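Report on the structure given below.
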There are 2 protein chains.
Amino acid sequence: MNEPHIHSPASPNARPTAREQIAACGGRVTRTRLAVLEALHGSAHPLSHDELGDMLAAEAIAHDRVTLYRALDWLVERGLARRIAGGDRAWRFEVVRGAAHRHAHFHCDRCGQVLCLEQLEAAPAAALPTGYSVERAELVLHGHCAACGPEHSAAEIR
Amino acid sequence: MNEPHIHSPASPNARPTAREQIAACGGRVTRTRLAVLEALHGSAHPLSHDELGDMLAAEAIAHDRVTLYRALDWLVERGLARRIAGGDRAWRFEVVRGAAHRHAHFHCDRCGQVLCLEQLEAAPAAALPTGYSVERAELVLHGHCAACGPEHSAAEIR
DNA sequence: CTTCTAGTGCAACATTGTAGCATCTGGCGT
DNA sequence: ACGCCAGATGCTACAATGTTGCACTAGAAG
């Protein structure tokens, strides 16, 4: 585990660029990693593989699903991104903004959209049997987003 | 764990048997549903599809993965069972014991075991954007269980 | 510019879950 | 007890998501 707090020499207080973040982790700066990290930085909500794949395809960058998987794995492993398990069995990814900042997520069961709930902190450990150790907590609220409506069956959506 | 087998059709206050539960939902009492529901009732922790499949195979009941999927879907749909998303992309299932009783779960990232944390209620809604509605909250703690050890890499453990 | 190896791309595979359809059977009426 | 038939089952085939192995490409260091 290392410190991704390497700032650009010119602007020590600014958020490091994607390029700087990648280099600071000892990895090569490749178009795939760059594009993925920038896409995550630019998105208001966590992105699925599929969404990222579409974005990269639009930029004619990644021509392979596997490359994307590996780039994401690398980002997660280096602490630059975080993996979130949605209700379906597809991962979502978001950038890690603050070191210890963990927030809950909202998953729309209708359209699959995932939203960050910055205000809601995932409450950590309660009474666990001895020998158990908690590394992280994931709090996911399920329901319907505004676009999908509270209850009326909007069959035409999606 | 706490299975008081005191369920006769004549005692309306006791917990209904699996057979009664199924019949009460308007479904046919088949060996698959019966075996699945009883397996869930008898288990201290949520069971994965795989585990259930093995149990049914041992009893020579379900000869098909699909049948098991459908039986579980039916139980969930009728409110007799509940589906939990683990860290991997396999569902776990547990019986619904009390109508509104929702508890958190612990997922061992090493062996995949899931544990119920009865004391820990999944804290519901916080500030959500207008138009969003929450149906349920899932709180999952991730870490290592006692068998897998807190940090030493026990490579021989699955 | 050359070299070394991390990263990429491809193909094949693994796991988990669904769809369609023929067959069987639990519960019902007779 | 008998037969009916929609609901359940058991196939096979398929879909979605993620992983592994290996040959090839291209960052970046010298």
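The chains referred to below are lettered A, B, ... by the order of the sequence lines, with proteins before strands, and numbering in each begins at 1. These figures come from a predicted structure and were not determined experimentally.
Scanning DNA chain C 5' to 3' for nucleotides with an atom closer than 4.0 angstrom to a non-hydrogen atom of chain A gives a first and last hit of dT5(C) to dG17(C).
Ring geometry for His107(A) against His142(A) counts as tilted: the plane angle lies between 30° and 60°, on a 0 to 90° scale.
In this structure, the ring of His144(A) has its center no less than 6.0 angstrom from the ring center of Tyr132(B).
We find the SG-CZ distance between Cys116(B) and Arg97(B) to be 7.5 Å, quoted to the nearest 0.5 Å.
Side-chain contact, Glu94(A) with His105(A): a donor N or O sits under 3.5 Å from an acceptor N or O.
Classification of Arg89(B) and Asp88(A) as a salt-bridged pair fails, no side-chain N sitting under 4.0 Å from a carboxylate O.
By the criterion of side-chain heavy atoms lying less than 4.5 angstrom apart, applied directly or through intervening Ile, Leu, Val, Met, Phe, Trp or Tyr residues, Leu68(A) is grouped together with Ile22(A) in one hydrophobic cluster.
Shown are Glu77(B), His49(B), Arg33(B); of these, the side-chain contact (heavy atoms from CB on, under 4.5 Å) with Leu72(B) is made only by His49(B).
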- What string of B, S and - do you get for nucleotides 7-18 of chain D 5' to 3' if you count protein non-hydrogen atoms under 4.0 Å? BSBBBB----SB
